[in-house]
Amino acid sequence: MNNAIAVLDSGVGGLTVVKELLRQLPQEKIIYFGDTARAPYGPRSADEVILFTRQIVDYLMKFKPKMVVIACNTATAVALEDIRSRVDVPVIGVIKPGARAAMKVTESGKIGVIGTEGTVKSQAYDAALKEISPDLEVISLACPEFVPLVEAGRMDTPETWVTVRTSLTRLREYQLDTLILGCTHYPFLTPVIAEVMGSSVVLINSAEETAREISVILSYGGLLAKSTDSVPIHQFFCSGDPAIFRKITAAWLGKQIDLAPIVWQVPTIC
Ligand code: DGL
């Protein structure tokens, strides 16, 4: 089935999932939406995040996608079930895949989670991890400064290093062996976070496991794209400045794709 997979996030963070999708499922067409005009979602109320997610999904459903991927932890935490109840295609988020990926690597059972204020407040990772194993020790930390750095394309500036170091230093005292990057923007900062946390901590990016789950769902549902000779034409939408979005997308995905992002006017209700 050659309909697209719709992927959404508050901004460029969901591109970390798109990158894995392009690697694991190269035949699939992707429609991506980054709500860059309204990012960050982290400090917003749950009601607001649910409303924004509904608006984006309503928009994306016009393209008749075969699946919706909420590639945003903050939106997954509060809006996943709501969106599932509103559309008739499979909808997946990134939190359970992230928790599963962490379980595969932890030896000590001491797992750290960094995410937005919204994600940490929701305790969605604590719930997902403890559902797998109640004995885990989970230490969560909100890092609200990280998303604005990534949205501005400042992945490796002196300010970024200072911010990451200052935010994460106190996590080091817990002697974690695993740290979940519980915000899809954070893999953009992997080299900095890895250096600050040290080599004894494995960083978990939920993108790989999420793409695997997508692949399984499509495969079981008989929904995988038919192999064709032509390369799928992906589409990218954003609600804010297309120039910075295009720059970050091109640098991150590193391949020649149609990068004329279509700008979506956010509904006036917001
Ligand atoms: N990338 C998103 C997440 O995974 C949202 C970040 C934000 O907008 O605050 O939570």
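Start at 1 and go down the list; that is how both ligands and their atoms are numbered. Any value given below was found using the heavy atoms of this structure, including those in side chains, with hydrogens, waters and symmetry copies removed. Just so it is clear, the structure is predicted and the values come from calculations on it, not from any experiment. The first residue of the sequence shown is numbered 1, and numbering continues consecutively from there.
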Atoms in ligand 1 flagged as close to [X], the criterion being non-hydrogen separation under 4.0 Å:
X	result
Ser10	5 (C), 6 (C), 7 (C), 8 (O)
Tyr41	7 (C), 8 (O), 9 (O)
Cys72	2 (C), 3 (C), 4 (O), 5 (C), 10 (O)
His185	1 (N), 2 (C), 6 (C)
Val147	6 (C), 7 (C), 9 (O)

With a 4.5 Å heavy-atom cut-off, do Val150 and Met155 have their side chains touching? yes
Does any N/O atom on Asn73 come nearer than 3.5 Å to any N/O atom on ligand 1? yes
Below 3.5 angstrom, do we get any N/O pair linking Gly42 and ligand 1? yes
For Thr119 and Ser122, which I'm curious about, is there any donor-acceptor pair between the side chains at under 3.5 Å? no
Do Thr157 and Thr160 meet the criterion of a side-chain donor-acceptor pair at a distance under 3.5 Å? yes
On a heavy-atom basis, I'd like to know which of Asp9, Val94, Val49 is closest to atom 2 (C) of ligand 1. Asp9
Among Asp35, Leu15, Thr74, closest by any non-hydrogen atom to atom 10 (O) of ligand 1: Thr74
Keeping Thr76 on the side-chain end and Ile70 on the backbone end, is there a donor-acceptor pair under 3.5 Å? yes
What pairs meet the side chain to side chain donor-acceptor pair (under 3.5 Å) rule with one or both residues in residues 39-48, with sequence neighbours excluded? Asp35-Tyr41, Arg44-Glu48
Pair Lys104 + Glu209, salt bridge at N-O below 4.0 Å: yes
Examine Phe237 together with Phe63 and report whether their ring centres are nearer than 6.0 Å. yes
